[in-house]
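Only one structure is covered here, and it is reproduced in the block below.
All values reported here derive from a predicted model rather than from experimental measurement. Numbered from 1 within each chain, the chains take letters A, B, ... in sequence-line order.
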Number of protein chains: 2
Amino acid sequence: MARPGTPTRVRKKSSPGAEQTREALVDAAIAALREDGFGGASARSIAARAGCNQGLVFYHFGSVANLLLAALDEVSRRRLEEYERALSEVDDLPQLVAVASRIFQEDLDEGYVTVLAEMIGGASSTPGLGPEVAKRIKPWRSFAKAAVDRVLGGTGLATDDVAHAIVAVYLGLELLAQLDGDRKPAAALFEQASTFAPLIGSLT
Amino acid sequence: MARPGTPTRVRKKSSPGAEQTREALVDAAIAALREDGFGGASARSIAARAGCNQGLVFYHFGSVANLLLAALDEVSRRRLEEYERALSEVDDLPQLVAVASRIFQEDLDEGYVTVLAEMIGGASSTPGLGPEVAKRIKPWRSFAKAAVDRVLGGTGLATDDVAHAIVAVYLGLELLAQLDGDRKPAAALFEQASTFAPLIGSLT
DNA sequence: GTCTATACTTGGATAGAC
DNA sequence: GTCTATCCAAGTATAGAC
């Protein structure tokens with residue numbers, strides 16, 4: 001939300017190497033996007049979170065936009081790894097909904113989807129950023145399609161469209177949850193979905 | 001009425017009246033949010049679009065944030081009016097999907113949902129803006145619920161959750177369409193929905 | 001590699017002329 | 001009511017010391 005209180009510090013003040021600093025900046029950028037949004041993710045605010053100097057943003061990443069893209073890369077890497085792990089347990093639609101529910105809860109708690117949504121929304125005001133963000137969102141969409149194919153494949157359904165809708169719901173629920181500061185409606189929705197999943201599953 | 005010697009000046013010729021300027025600024029703010037996003041909607045960029053001076057933003061609205069909220073108000077007013085008109089033609093789920101499809105297409109073409117999504121996303125980086133935006137999004141949610149109730153009411157379904165999901169899909173599809181510069185996936189999704197609507201309708 | 005200092009730019013906001 | 005001028009804060013980015 002809109003910066004109440006002290007921002008999250010992700011690194012203690014010692015004398016680290018280059019790799020530590022890069023990581024600290026990426027983590028700080030994630031935190032900044034999550035807590036202050038795209039507009040609040042400035043070189044200065046990120047560096048303050050990382051406990052290092054503002055100039056290091058440009059030394060290590062060349063520009064703020066590049067650092068934010070690196071943050072998006074990192075979030076994608078972490079989550080898709082977790083998603084793959086979770087998807088391997090899934091065989092049918094009810095299971096998928098249950099797993100998706102748990103994972104989405106994690107995503108909201110950790111603010112990962114916030115990072116996605118803020119980068120997508122923010123891309124419109126930074127020339128050239130859009131295509132780079134799109135490139136990094138693509139794996140999420142591919143994953144969604146793979147998950148849908150796994151449980152609805154061979155049913156003649158247009159899994160492309162279903163996957164697209166799922167990503168849209170994901171982002172939209174995040175926007176609303178962020179706006180309200182309330183994740184309960186999203187949770188309730190997943191509960192509804194889990195009661196309907198067997199029904200839909202039996203239709204196919 | 002006008003006394004002799006003091007002709008009533010309806011409007012100065014060289015400069016527009018206050019109301020015209022306000023409207024121009026609001027329209028310009030909508031355009032700025034749509035084309036340049038929240039981050040690109042500065043007092044200077046908006047005033048340039050409106051063809052007037054930057055200082056007038058503060059004279060008429062006090063702050064940029066207030067102008068953006070006025071823009072959101074105007075978008076809500078325009079669209080909800082249109083929505084109400086459209087909803088009155090609707091009696092069942094297939095009709096609702098058809099009407100929603102047409103309206104959503106309009107929303108995308110005119111960039112109305114972009115304004116919503118940008119304001120929601122941008123609110124995280126401007127202290128105090130979140131609650132104000134939430135207040136203005138509420139009518140959209142109420143409308144969605146009313147529409148859902150109209151076609152699914154009395155079926156025991158949790159229409160609150162369904163309406164919440166619909167708003168989420170709406171915002172999410174917009175984010176993705178904006179990112180890709182492509183509205184076709186959203187259109188395809190509505191087409192899918194219109195083939196499934198009768199099926200769901202018959203279930204209830 | 002990291003820090004300090006600084007040039008440059010943009011944006012929010014106000015004062016005062018017209 | 002509108003415009004010009006200006007101040008001030010914040011942000012990007014670079015140079016150079018350590």
Side-chain angles (χ1 to χ4, degrees), chain A residues 2-3 7 10-29 32-33 35-71 118 122-129, chain B residues 8-26 28-29 32-33 35-71 118 122-129:
Chain A
R3 34 183 27 196
V10 287
R11 173 177 163 246
K12 52 274 165 206
K13 190 112 181 196
S14 51
S15 14
E19 199 50 44
Q20 273 74 25
T21 299
R22 275 188 69 98
E23 281 174 25
L25 281 172
V26 168
D27 285 343
L33 282 169
E35 291 167 34
D36 295 343
F38 187 87
S42 69
R44 287 183 150 89
S45 117
I46 294 170
R49 281 191 157 83
C52 74
N53 188 272
Q54 168 255 144
L56 291 180
V57 167
F58 304 96
Y59 175 79
H60 286 292
F61 297 92
S63 70
V64 175
N66 282 340
L67 169 53
L68 296 181
L69 287 173
E118 286 291 328
S124 20
S125 51
T126 304
L129 192 55
Chain B
T8 44
R9 186 113 52 104
V10 174
R11 183 163 304 122
K12 290 204 320 187
K13 203 73 199 309
S14 52
S15 58
E19 199 49 44
Q20 274 72 25
T21 300
R22 276 188 68 98
E23 281 174 24
L25 281 171
V26 168
L33 282 169
E35 291 164 34
D36 295 342
F38 186 88
S42 68
R44 287 182 154 89
S45 115
I46 294 171
R49 274 178 212 275
C52 73
N53 188 271
Q54 168 256 141
L56 291 180
V57 167
F58 304 95
Y59 175 78
H60 285 292
F61 298 92
S63 70
V64 174
N66 281 341
L67 169 52
L68 296 181
L69 287 173
E118 286 292 328
S124 359
S125 50
T126 304
L129 192 53

- Closest heavy-atom pair and its distance - A:Leu33, A:Glu118: O-CG, 3.9 Å
- In residues 61-69 of chain A, which ones come under 4.0 Å of DNA chain D, going by heavy atoms? A:Ser63, A:Val64
- Could you check how far CG of B:Asn53 sits from C1' of C:dG12, rounded to whole Å? 13 Å
- Message: Whether the side chain of A:Ser45 engages the backbone of A:Gly40 through a donor-acceptor N/O pair (distance < 3.5 Å, no angle test) should be reported.
- Response: yes
- Message: What is the distance, to the nearest angstrom, from the CD atom on B:Gln54 to the P atom on C:dA13?
- Response: 10 Å
- Message: Five pairs per end, C1' atoms only: what is the angle between the end axes of the helix from C:dG1-D:dC18 to C:dC18-D:dG1, to 10 degrees?
- Response: 0°
- Any donor and acceptor pair, going by atom type alone, linking the side chain of A:Gln54 with main-chain N or O of A:Ala43 inside 3.5 Å? no
- B:Tyr59 has its side chain closest, among D:dG1, C:dT2, C:dA5, to D:dG1
- Message: Rounded to whole Å, please give me the gap between NE2 in A:His60 and C1' in C:dG1.
- Response: 6 Å
- Task: List the steps and the verdict of side chain to side chain contact (heavy atoms under 4.5 Å, CB included) for A:Leu69 and A:Leu129.
- Result: CA-CA 9 Å; A:Leu69 287 173; A:Leu129 192 55; 3.8 Å; yes
- Item | Selection from C:dT14, D:dT2, C:dG1 that lies nearest to any side-chain heavy atom of A:Ala18 | C:dG1
- A:Ala70: side-chain contact (heavy atoms from CB on, under 4.5 Å) partners, not counting sequence neighbours: A:Val26, A:Phe61
- Looking only at non-hydrogen atoms, find the nearest pair between A:Ser63 and A:Asn66 and report the distance. OG-N, 3.2 Å
- Residue pair A:Leu25 / A:Ala50: nearest heavy atoms and the distance that separates them: CD2-CB, 3.8 Å
- Message: Rounded to whole Å, how long is the line connecting atom CG of A:Leu56 with atom P of D:dT14?
- Response: 14 Å
- Query: Does anything in residues 38-52 of chain B reach DNA chain C, meaning a heavy atom under 4.0 Å, and if so which residues?
  - Reply: B:Ser42, B:Ala43, B:Arg44
- Please state how far atom CZ in A:Phe58 lies from atom C1' in C:dA7, giving the value in whole angstrom units. 13 Å
- Note on the structure: Shortest non-hydrogen pair, B:Arg22 vs B:His60, comes out as NH1-O, 3.2 Å
- Task: Quickly work out the B:Leu25 CG to C:dA13 P distance and round it to whole Å.
- Result: 14 Å
- Identify the heavy atoms of B:Val64 and B:Ala41 that sit nearest to each other, and give their distance. CG1-O, 3.7 Å
- Task: For the residue pair B:Thr126 and B:Phe38, establish whether any side-chain heavy-atom pair is separated by less than 4.5 Å.
- Result: yes
- Note on the structure: Minimal heavy-atom distance between A:Ile46 and A:Ala29, with the atoms involved, is CG2-N, 3.7 Å
- Message: Restricting to side chain to side chain donor-acceptor pair (under 3.5 Å), what partner residues turn up for B:Glu23, sequence neighbours left out?
- Response: none
Taking N or O atoms only and anything under 3.5 Å, show me the protein contacts with nucleotides 16-18 of chain C, one pair per line.
none

